[in-house]
Amino acid sequence: MSRLGNLGARLYRGEVGYDFVGKRKIWYGISILITITAIVGLAVRGLNMGIEFSGGAVFTTPNTKVSSTDARQAAEDASGGHTVVVQELGRGGLRIQISELGTKEALPVQEKLAKELGVKTNKIDTQLVGPSWGEQIASKAWQGLAIFMVLVVIYLAIAFEWRMALAALVALIHDLTITVGVYALVGFEVTPGTVIGLLTILGYSLYDTVVVFDGLKEASKDITKQTRFTYSEIANRSLNSTLVRSINTTVVALLPVGALLFIGGGLLGAGMLNDISLALFVGLAAGAYSSIFIATPLVADLKERDPRMKSLAKRVKAKRAAAAKAEAADPAAEEDDAPALEDAAAAPSGVVGPRRQPASRNRGRGRPSGKRR
């Protein structure tokens with residue numbers, strides 16, 4: 001068995017573990033800091049809206065010896081200072097986007113570009129994009145996002161409970177905010193592909209969260225009938241048991257997206273692929289983080305406010321105090337009672353799963369011989 005597989009088995013059995021829920025204030029602080037950074041970047045720099053949303057013209061040129069830098073300068077001069085984006089195409093062609101360029105301005109700009117690039121005017125393909133088309137896309141995207149959020153909350157409230165539905169909604173908003181903030185900070189162009197990427201990551205993020213919540217639902221079944229663990233400790237046990245599965249799912253999803261972003265977009269210059277790949281990469285990473293460090297601890301926080309869970313926590317605390325008092329009063333019984341005390345004393349540490357069973361008090365006495373004494 002591989003090391004990762006062995007670790008997953010040990011996590012599932014409870015031989016090792018990490019107290020994710022107990023350190024939730026740290027994760028909340030990190031998430032708040034990242035979210036504030038994303039919001040500040042969005043407010044200061046704003047989004048670099050693509051031509052599909054702002055309107056303008058797209059000029060596609062044939063093979064030319066002019067570099068993309070010179071072509072950008074020529075397009076800026078020809079358009080009178082409009083925002084220009086130049087992408088290199090295969091076979092030496094260029095794709096020149098000029099934002100907010102009207103129909104009357106497009107033909108003069110096309111002629112000037114042809115002259116500067118040394119090609120014939122009729123060889124430059126021109127496409128005009130109106131801002132109303134982009135507004136329709138944005139409107140449909142917002143509608144789809146709102147419908148998706150409502151359906152998610154309803155489904156999780158029915159399949160699990162309202163606390164888990166609220167935690168999942170917070171995690172989704174967390175992932176979207178971070179992804180949009182990263183777009184603002186790095187200055188990537190927002191295109192319809194970006195919108196598709198944003199809507200896609202919601203499904204991945206929700207999948208990770210549902211996997212964790214499903215394990216938590218099973219682990220917390222009939223929780224009030226026992227007095228060994230509080231709800232937060234049960235949540236942490238469940239989270240550790242599904243940790244490796246969540247990591248494996250995220251890594252497998254990130255590998256092809258990372259190849260698309262860093263190799264396709266970075267090395268091969270496939271700039272149009274960056275629109276969707278960056279949204280997917282950041283969103284997948286944020287979704288994995290939120291399902292582990294935000295959603296489950298938030299459910300535990302909300303659940304611990306329940307009167308039944310408060311009563312359970314008091315009973316667990318009282319039982320552990322009684323066990324500690326008994327151990328202090330009778331040190332000779334420490335060896336026999338150590339396994340039972342370990343469950344009570346070590347539970348908050350984050351170690352999950354079954355622990356050592358008490359040794360039989362009849363061990364070593366042998367079987368009856370059948371002889372009368």
Side-chain angles (χ1 to χ4, degrees), residues 29-56 58 67-69 71-73 75-76 81-89 94-100 129 131 134 137-138 141-142 145 171-205 208 250-251 253-291 293-294:
I30 294 174
S31 293
I32 291 173
L33 180 61
I34 296 175
T35 303
I36 291 175
T37 304
I39 294 175
V40 170
L42 185 61
V44 174
R45 300 194 59 175
L47 291 173
N48 180 20
M49 304 303 294
I51 194 173
E52 293 85 358
F53 296 98
S54 61
V58 180
S67 65
S68 59
T69 303
R72 181 181 298 106
Q73 185 62 47
E76 290 176 353
H82 288 265
T83 303
V84 177
V85 177
V86 179
Q87 296 174 344
E88 295 182 1
L89 305 177
L94 297 174
R95 185 176 186 268
I96 304 173
Q97 296 181 183
I98 304 179
S99 300
E100 301 177 356
V129 180
I137 293 179
W142 283 113
L145 179 61
L172 288 176
I173 296 175
H174 168 274
D175 300 341
L176 283 176
T177 303
I178 291 178
T179 306
V180 174
V182 169
Y183 259 86
L185 291 173
V186 302
F188 270 37
E189 189 178 38
V190 178
T191 66
T194 305
V195 177
I196 295 173
L198 288 174
L199 295 177
T200 303
I201 64 175
L202 297 179
Y204 279 101
S205 177
D208 283 339
T250 303
V251 171
L254 281 177
L255 286 176
V257 175
L260 187 67
L261 176 62
F262 298 108
I263 299 178
L267 299 180
L268 302 180
M272 297 180 66
L273 296 178
N274 290 337
D275 304 338
I276 187 171
S277 58
L278 179 64
L280 289 175
F281 190 85
V282 177
L284 288 173
Y289 173 85
S290 65
S291 63
F293 297 96
I294 301 299

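The two residues A288 and D208 make their nearest non-hydrogen contact at CA-OD2, 3.9 Å. Residues V84 and A75 share a closest heavy-atom pair of CG1-CB, 3.7 Å. Here the closest non-hydrogen pair linking L185 and G41 is CD2-CA, 3.6 Å. When every heavy atom of L284 is checked against every heavy atom of I201, the shortest pair comes out as N-CG2, 4.4 Å. Here the closest heavy-atom approach between residue T194 and residue A279 is recorded as O-CB, 4.2 Å. Here the shortest heavy-atom pairing between A38 and I178 reads CB-CA, 4.2 Å.
Side-chain contact check for I98 versus I96: some heavy-atom pair is nearer than 4.5 Å. The shortest distance between side-chain heavy atoms of I30 and Y289 falls below 4.5 Å. In this structure, R95 and V86 have side chains that are not in contact, with every pair of non-hydrogen atoms separated by 4.5 Å or more.
For F281, the ring pair (Phe, Tyr, Trp, His ring centres under 6.0 Å) partners are F262, not counting sequence neighbours. Listed by chain and residue number, L47, V180, A184 satisfy the side-chain contact (heavy atoms from CB on, under 4.5 Å) test with L42 (two or more places apart in sequence, or in another chain).
Checked by atom type and distance alone, the side chain of S205 never pairs as donor or acceptor with a backbone atom of L202 at under 3.5 Å.
I173 contributes atom CD1, which lies 10.5 Å from atom OG1 of T35 (distance to the nearest 0.5 angstrom). Put simply, CD1 on I294 and CD1 on I32 are 8.5 Å apart, with the number rounded to the nearest 0.5 Å. Between the CG atom in L199 and the CG atom in L145 there is a gap of 6.5 Å [rounded to 0.5 Å]. The OG1 atom of T250 sits 10.5 Å away from the CG atom of L255 when rounded to the nearest 0.5 Å. How far CZ of F293 is from NE2 of H174: 11.0 Å, rounded to the nearest 0.5 Å.
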